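Step one of this worksheet: look at the structure below.
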Amino acid sequence: MKLEGRIWKFGSDIDTDAIIPARYLNQSDPGELAKHAMEDERPEFIKGVKKGDILLADKNFGCGSSREHAPLALKAAGISCIIAKSFARIFFRNSFNLGLPLLESSEASDSINDGDRVRVDLNRGEIIDQTQNKKFSATPIPPFMQELLQDGGLIPHLRKKRLNRGRR
Amino acid sequence: MKNSPMTITEKILAAHVGEKTVSPGELIEVRIDLALANDITAPLAIQAFSEIGVQKVFNKNRVVLVPDHFTPAKDIPSAEQCKILREFAKAQRLSHFFEIGQCGIEHVLLPEKGLVLPGELVIGADSHTCTYGGMGAFSTGVGSTDLGAAMATGKLWLKVPESLKFIFYGKINPWVSGKDFILHTIGDIGVDGARYQAMEFCGETIRKLPMSGRFTMANMAIEAGGKNGIMEPDEITLEFIKTRAIRPYKIYRSDRDAHYAEVKEYDVSKIHPLVALPHIPSNVRDVREVGKVEIDQVVIGSCTNGHLDDLRVAGRILKGKKVASSLRLIILPATQEIYRQALKEGLIEIFILAGAAVSTPTCGPCLGGHMGVLAEGERALATTNRNFRGRMGHAGSEVYLSGPAVAAASAIKGRICHPEEVMKKGGKGSRIPGVK
Ligand code: SF4
């Protein structure tokens with residue numbers, strides 16, 4: 001899988017309340033949630049983000065609550081992939097379960113600038129900053145997670161498993 | 001051959017995959033004893049569940065739905081969310097759906113009802129599901145999709161975490177509670193200091209803590225990034241579950257030679273009442289060192305500190321006193337049972353006479369939901385667990401975190417203060433209720 005887009009850069013310990021404030025959680029429509037993604041943290045994000053864009057952060061991205069509305073809002077806003085030094089545990093699970101890929105790379109997190117054009121090769125764990133003409137490698141995605149991504153998330157994955165079992 | 005030594009966390013996980021041993025880093029599929037969701041996370045979980053294509057939940061006695069966040073429904077969208085839970089509970093004939101009036105904040109309610117027991121493996125679509133580690137269960141928060149899948153299969157994949165050991169010893173200072181111990185820990189290791197890891201709390205101090213204090217500590221393991229917080233069950237645990245347990249259970253303890261990624265020791269005689277300053281729970285300071293911080297609102301409640309013991313502490317301090325005229329005090333007993341008990345003990349009357357607003361159990365202001373949302377520029381001191389920017393309302397508001405004693409005293413003073421500023425130093429009752 002190859003992805004390409006503009007970089008939106010954030011700092012460390014970006015929490016789930018920053019990604020999607022709780023006041024919008026009285027419903028769970030992805031399109032509605034997307035309208036408020038990063039609203040308190042960086043209001044211009046939602047106005048400028050385009051389909052395919054990539055989010056870049058420092059350490060511990062997505063800490064805080066278990067709300068799946070957080071990766072859901074980012075995905076619905078068009079974000080195709082998130083690169084960070086590290087991710088909070090529940091956010092990590094939730095993203096892969098929703099089919100949103102995450103990559104860990106300290107080098108990329110330090111070197112890539114806001115607004116850079118970046119290309120990501122998920123299978124090879126390669127991050128190419130086209131603006132700076134630099135290449136970085138990410139921690140390989142575990143095989144089980146890759147399977148989830150290929151199937152489009154945990155639910156399609158389980159559905160497929162059930163169908164396969166039915167056929168046998 | 002002797003089995004390799006294991007921690008309590010590893011033993012519970014091993015028991016739930018049906019293996020003799022598991023080791024950190026291993027990816028396993030575990031059987032779950034209980035799956036929990038609330039009015040925010042259940043609608044997405046129910047949607048995920050229905051997309052899988054199974055008709056029935058894995059066990060109607062082991063799926064628990066608690067509408068506690070925006071309830072009693074604060075607006076029409078919240079009411080619609082609750083309706084989804086209600087209808088699903090009915091269609092699936094769930095034994096444990098808690099309607100308003102019997103409800104409470106999930107993480108206080110479930111132990112109270114005996115729905116979670118030592119040695120069990122519990123997952124919840126709520127990050128503070130880690131609370132049940134206070135009674136020696138393995139419990140952890142997941143997202144809605146995981147929960148939906150677990151409702152269908154009764155299983156969950158996870159990675160066996162490494163364990164960190166925190167040993168607490170020494171004499172407990174006046175007005176210090178479990179909240180101060182966990183804030184101290186988070187202040188020490190940081191908000192990702194235990195990322196992906198199990199936090200095991202032990203030592204003589206933990207053995208003296210009442211269940212409320214243990215739940216408070218395990219509750220905030222997630223604020224250090226932990227997968228779970230856990231304590232070995234003891235007589236205090238057994239006493240708590242004696243009249244509540246609805247199923248048989250099993251006690252696990254760590255082997256003496258179990259492996260820990262790191263061991264930390266804290267002398268609690270050096271820990272005094274603490275406060276976490278905005279906007280991150282690790283920004284911890286001794287309350288005497290925060291300077292003059294005037295506040296607009298104090299909230300006493302939440303899954304962290306809405307226990308009866310917490311209300312008792314607040315009651316001791318507020319008895320016969322008045323809340324500062326510049327400030328609002330909101331008190332939320334965590335469950336109906338706690339509310340009833342507080343009423344019986346005269347605490348609710350003390351609160352009302354002091355000028356506090358007492359609410360029906362709800363998460364409410366803890367997540368900026370309702371019942372006390374902050375305006376721009378306002379500052380709150382809360383006994384909750386998160387002080388992220390905008391957590392309790394406007395992005396330009398501030399949240400400070402503390403235990404119930406500091407919160408109650410500060411409500412009287414109108415600024416953040418040590419309880420000794422309003423109570424006689426070393427006076428009777430400065431020990432937290434239940435502490436042995
Ligand atoms: S009281 Fe606060 S932290 Fe606890 S479950 Fe409710 S919203 Fe979450």
Side-chain angles (χ1 to χ4, degrees), chain A residues 12-19 21-30 32-33 39-41 43 59-72 85-99 142-145 148 153-163 166, chain B residues 27 39-41 43-45 47-49 51-54 69-70 73-78 80-81 124-129 140-149 152-153 157-158 161 190-192 195-196 222-223 225-227 279-280 282 367-369 373 386 388-391 393-395:
Chain A
S12 59
D13 302 318
I14 299 291
D15 60 76
T16 47
D17 279 273
I19 301 171
R23 58 182 178 273
Y24 301 117
L25 302 186
N26 55 0
Q27 48 80 41
S28 36
D29 177 65
E32 281 301 312
L33 293 169
E39 182 177 284
D40 295 345
E41 186 70 23
K59 72 170 180 71
N60 203 25
F61 186 83
C63 61
S65 94
S66 68
R67 63 186 71 154
E68 202 157 301
H69 311 67
L72 194 60
K85 282 186 185 162
S86 61
F87 294 91
R89 188 187 70 80
I90 308 177
F91 185 87
F92 186 84
R93 292 185 74 99
N94 287 347
S95 300
F96 281 95
N97 283 345
L98 288 177
F144 176 64
M145 302 299 210
L148 283 188
L154 181 65
I155 298 305
H157 173 76
L158 286 177
R159 217 166 33 213
K160 194 174 98 180
K161 261 178 51 179
R162 259 174 60 84
L163 286 179
Chain B
L27 208 57
D39 50 320
I40 290 183
T41 57
L44 280 176
Q47 191 188 325
F49 172 84
E51 282 170 13
I52 299 170
V54 291
H69 280 59
F70 293 141
K74 69 153 180 150
D75 55 14
I76 296 166
S78 316
E80 298 289 348
Q81 303 253 91
D126 189 279
S127 59
H128 292 102
T129 302
T140 192
V142 295
S144 293
T145 299
D146 269 327
L147 207 274
T153 62
W157 65 266
L158 50 81
V191 289
D192 63 347
R195 211 166 49 91
Y196 292 85
I222 181 71
E223 267 64 63
K227 183 172 218 148
H279 291 285
I280 192 157
S282 56
L367 78 163
V373 176
R386 290 193 175 132
F388 301 145
R389 192 180 299 281
R391 172 74 180 179
H394 195 280

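Just the heavy atoms: all of them, side chains too, but no hydrogens, waters or symmetry mates, feed the values below. Lettering of chains follows the sequences in order, A, B, ..., and the numbering in each one begins at 1. From a predicted model like this one, the values you see are computed outputs, not experimental measurements.
When heavy atoms are compared at a cutoff of 4.5 Å, A:Ala88 approaches chain B solely by way of its backbone atoms N, CA, C and O. Contact annotation for B:Leu367: both backbone and side-chain heavy atoms come within less than 4.5 Å of a heavy atom of chain A. Looking at A:Asn97, both its backbone and its side chain come within 4.5 Å of chain B, counting heavy atoms on both sides. For B:Ile280, the part lying under 4.5 angstrom from a heavy atom of chain A is the side chain only. Only the side chain of B:Asp75 comes within contact range of chain A, with at least one heavy atom under 4.5 Å from a heavy atom of that chain. The parts of B:Tyr196 that come within reach of chain A are both its backbone and its side chain, each placing non-hydrogen atoms under 4.5 angstrom from that chain. Contact annotation for A:Phe91: neither backbone nor side-chain heavy atoms come within less than 4.5 Å of a heavy atom of chain B. For A:Ser12, no part lies near chain B; criterion is any non-hydrogen pair under 4.5 Å. With a 4.5 Å cut-off on non-hydrogen atoms, B:Leu27 touches chain A through its side chain but not through its backbone. Heavy atoms of A:Ile90 lying under 4.5 Å from chain B belong exclusively to its side chain.
In this structure, OG1 on B:Thr153 lies 6.5 Å from CG on A:Leu158, to the nearest 0.5 angstrom. How far CG of A:Asn26 is from NE2 of B:His69: 12.5 Å, rounded to the nearest 0.5 Å. Atom-to-atom distance recorded for B:Ile76:CD1 and A:Gln27:CD is 13.5 Å, nearest 0.5 angstrom.
Here the side chains of B:Thr140 and A:Arg89 are in contact, with some heavy-atom distance below 4.5 Å. You'll find the side chain of B:Glu51 reaches within 4.5 Å of the side chain of A:Arg159, heavy atoms only. Taking the side chain as every heavy atom from C-beta outward, B:Arg195 and A:Cys63 never approach each other to under 4.5 Å.
Looking only at heavy-atom pairs under 4.5 Å with chain A, the residue among B:Lys74, B:Arg391, B:Lys227 that has the most is B:Lys227. For the set B:Gly226, B:Ala48, B:Gly225, the entry with the most heavy-atom pairs within less than 4.5 Å of chain A is B:Ala48. When the candidates A:Leu72, A:Leu98, A:Asp15, A:Thr16 are compared by the number of heavy-atom contacts under 4.5 Å with chain B, A:Asp15 comes out ahead. Chain B forms the most heavy-atom pairs under 4.5 Å with one residue out of A:His157, A:His69, A:Arg23, A:Arg67, and that residue is A:His69.
Ionic pairing of A:Arg93 and B:Asp146 is present here: one or more N-O contacts between side-chain nitrogen and carboxylate oxygen are shorter than 4.0 angstrom. Ion pairing of B:Arg386 with A:Asp17 is absent here, as no side-chain N (NZ or NE/NH1/NH2) approaches a carboxylate O to less than 4.0 Å.
In terms of modelled atom types and a separation under 3.5 Å, the side chain of B:Arg389 and the main chain of A:Asp40 share no donor-acceptor contact.
Across B:Gln81 and A:Ser28, no two heavy atoms sit closer than the pair OE1-OG, 3.6 Å. Residues B:Leu44 and A:Glu68 approach most closely at CD1-CB, 4.4 Å, considering heavy atoms. Shortest non-hydrogen contact noted between A:Asn60 and B:Val191 is ND2-O, 3.7 Å. For the pair A:Arg162 and B:Val54, the tightest heavy-atom approach, listed with the atom from each and the gap, is NH1-CG1, 3.3 Å. In terms of heavy atoms, B:Trp157 sits closest to A:Leu154 at NE1-CD1, 4.4 Å. In terms of heavy-atom proximity, B:Val142 sits nearest to A:Ser66 at O-CB, 3.2 Å.
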inquiry  = With salt bridge (charged side-chain N to carboxylate O under 4.0 Å, His left out) as the criterion, how do B:Asp192 and A:Lys59 come out once you've worked through the C-alpha distance, each side chain's angles and the decisive distance to 0.1 Å?
reply    = CA-CA 9 Å; B:Asp192 63 347; A:Lys59 72 170 180 71; 3.5 Å; yes

